[in-house]
Amino acid sequence: MSQTFHLCLATDTLAADAQTLGVTIEDLQSIQVEVIATLAQTNQIAQTAQITRSAQQPEWYLQLDYHITLPLKSLAAQLDWPTWQPTQVGFADYLWEQTCFECFLAGGLITDRLINNSASMNDVNEIGIDGADANKTSAYIEVNAGPDGRYALYEFESYRNPATLPPMPLLQTDGQTRAFINWTANHCPLSNGIANNGTANAEQNSLSAQIEPAIDSLTPNTSTANPYLYERSFAVPLSQLSNAKAFINDIGIEYIHPCVILSFATTFGTRLGTTALYFAPTHASPPDFHNLQYWSIFDKQAALAR
């Protein structure tokens with residue numbers, strides 16, 4: 001089983017975006033974006049510098065599968081979808097300025113206010129974190145990933161805090177190593193199709209060539225009923241989040257907000273530009289992925305792989 005999210009398009013600039021892209025409002029509303037979140041365990045190879053041996057250790061991952069379907073060839077032709085490149089796999093900032101897969105996670109110490117008031121899950125509405133104060137004080141993590149293999153994970157102490165750009169990278173429990181994601185082959189079990197991309201190690205990054213995601217062509221995919229289908233999948237190892245401010249004990253995720261930014265090339269007279277479309281389960285107005293009041297409760301039971 002998995003927790004499935006059907007993302008909707010922000011409508012604040014919908015009419016202007018449709019005109020710029022040369023399509024109708026209905027065409028843009030026909031774009032389908034689905035994100036599937038799955039909790040699964042796989043075996044992590046544990047190695048030490050002194051002993052050349054491996055020990056199988058169970059490892060929890062949050063698997064995120066992104067499926068995007070465009071209704072028109074003209075939109076597919078304008079979509080900024082860089083080709084998958086194993087050499088690009090690694091940390092990079094400012095991915096949100098292009099086509100970007102995002103996911104925001106919070107849990108454990110949601111806010112000091114909620115804990116001090118002995119609030120429980122029943123005190124939180126089913127759509128997201130209840131109350132404007134929670135948006136100001138909740139710690140959370142942001143995951144960014146680009147179609148070409150680049151990624152970034154950031155940690156915020158509260159709403160957009162620290163306000164520095166680029167944001168503060170999320171570090172692993174050693175306090176020095178940047179957190180990472182593992183790109184996976186679409187529809188493949190984690191135990192069979194996972195590659196560790198946490199370092200610049202050439203041996204590890206070479207694994208990415210074995211799990212090249214599809215699709216990177218404007219040629220219609222005649223094998224499915226959805227000809228302009230784009231997919232990427234990656235997994236977030238949860239062990240590296242265990243000591244982050246937003247996570248405690250076990251899996252630790254209580255709230256989730258998967259989002260997608262689709263960037264399209266546009267022409268303004270003789271000038272080239274871009275138009276960004278924003279997708280999320282629910283939206284603030286104007287769109288603001290960081291606004292915790294619009295996040296969803298993470299359904300751990302539904303997300304557990306069977």
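Quick note: numbers below take in every heavy atom, side chains included, and nothing from hydrogens, waters or symmetry partners. The residues of the chain are indexed from 1 along the displayed sequence. Because the structure is a prediction, the values reported are computed rather than measured.
- In the hydrophobic clustering of this structure, V260 does not group with L95; members are Ile, Leu, Val, Met, Phe, Trp, Tyr whose side-chain heavy atoms approach within less than 4.5 Å, directly or through other members.
- With 3.5 Å as the limit, one finds a donor-acceptor pair spanning the side chains of T184 and Q63.
- Expressed to the nearest 0.5 Å, how far CD of Q176 lies from CG of L171 amounts to 8.5 Å.
- Here the side chain of Y66 pairs no donor or acceptor atom with the backbone of F234 at under 3.5 angstrom.
- To the nearest 0.5 angstrom, L79 atom CG is 9.5 Å from L277 atom CG.
- A heavy-atom distance below 4.5 Å is found between the side chains of C103 and I256.
- A 4.5 Å side-chain heavy-atom check between P237 and F180 finds at least one atom pair inside the cut-off.
- Taken from CG in N161 to OG in S138, the straight-line distance is 12.0 Å, to the nearest 0.5 Å.
- Closest approach of C8 and P281 over heavy atoms only: SG-O, 3.5 Å.
- Two different hydrophobic clusters hold W96 and M168 under the rule that ILVMFWY side chains link at heavy-atom gaps under 4.5 Å.
- In this structure, SG on C100 lies 9.5 Å from CZ on R150, to the nearest 0.5 angstrom.
- Residues L64 and I36 fail the side-chain proximity criterion, which asks for heavy atoms closer than 4.5 Å.
- Considering all non-hydrogen atoms of both residues, K300 and I253 come closest at CE-O, 2.8 Å.
- Using a distance-only test at 3.5 Å, with no hydrogens or angles considered, a donor-acceptor pair links the side chain of Q3 to the main chain of D299.
- Put simply, the side chain of W60 never gets that close to the backbone of S239: no donor and acceptor are under 3.5 Å apart.
- Seen from the ring of F91, R178 counts as a face-on cation partner, given the 6.0 Å and 45° thresholds.
- Here the OG-CG distance, from S285 to N291, works out to 11.0 Å after rounding to the nearest 0.5 Å.
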task: Would you sort out whether F104 and C259 count as a side-chain contact (heavy atoms from CB on, under 4.5 Å), showing the intermediate values?
output: CA-CA 8 Å; F104 294 78; C259 311; 4.2 Å; yes
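- Using a 4.5 Å heavy-atom threshold, the side chains of W183 and Y151 count as touching.
- The backbone N or O of S2 sits nowhere less than 3.5 Å from a side-chain atom of T38 that would complete a donor-acceptor pair.
- Remark: side-chain polar atoms of R232 are paired, donor with acceptor, to backbone N or O of P147 under 3.5 angstrom.
- Salt bridge present: D288 and R160 bring a charged side-chain N and a carboxylate O closer than 4.0 Å.
- Between the side chain of Q88 and the backbone N or O of W84, no donor-acceptor pair lies under 3.5 Å.
- For the residue pair G146 and F101, the shortest heavy atom distance occurs at C-CE1, 4.0 Å.
- The closest side-chain heavy-atom distance from L72 to L70 is not below 4.5 Å.
- For the residue pair D17 and Y278, no side-chain donor N or O sits within less than 3.5 Å of a side-chain acceptor on the partner.
- In this structure the side chain of V35 never reaches within 4.5 angstrom of the side chain of T4, judged on heavy atoms.
- Side-chain contact check for D27 and Q29: no donor-acceptor pair (N or O, by modelled atom type) lies under 3.5 Å.
- Judged by distance alone, the side chain of T99 and the main-chain N or O of D80 form a donor-acceptor pair under 3.5 Å.
- Closest approach of T282 and Y294 over heavy atoms only: OG1-O, 2.7 Å.
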F298 and E254: CA distance, side-chain angles, deciding distance, side-chain contact (heavy atoms from CB on, under 4.5 Å) verdict: CA-CA 5 Å; F298 182 57; E254 295 180 17; 5.8 Å; no
- prompt: Going through the checks in order, is the side-chain contact (heavy atoms from CB on, under 4.5 Å) test met by Y61 and Q41?
  reply: CA-CA 6 Å; Y61 286 84; Q41 278 186 305; over 6 Å; no
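- Defined by atom type and a distance below 3.5 Å, a donor-acceptor pair is missing between the side-chain atoms of Y140 and H257.
- Residues L62 and L105 are in side-chain contact: their nearest non-hydrogen atoms beyond the backbone lie under 4.5 Å apart.
- D65 approaches S233 most closely through the heavy-atom pair OD1-OG, 2.7 Å.
- A pairwise comparison of heavy atoms in E155 and L170 identifies OE1-CD1, 3.5 Å as the closest pair.
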Audit row: I261, F289, side-chain contact (heavy atoms from CB on, under 4.5 Å) steps and yes/no: CA-CA 10 Å; I261 300 173; F289 295 164; 3.8 Å; yes
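- With a 4.5 Å cut-off on side-chain heavy atoms, D93 and L165 do not count as touching.
- In this structure, CD1 in I181 is found 9.5 Å from CG in N144, a value given to the nearest 0.5 Å.
- In this structure, Q19 places its CD atom where only 12 or fewer heavy-atom neighbours from other residues, nucleotides or ligands lie under 6.0 Å away.
- Side-chain N or O atoms of H6 include none that pairs as donor or acceptor with a backbone N or O of Q32 at under 3.5 Å.
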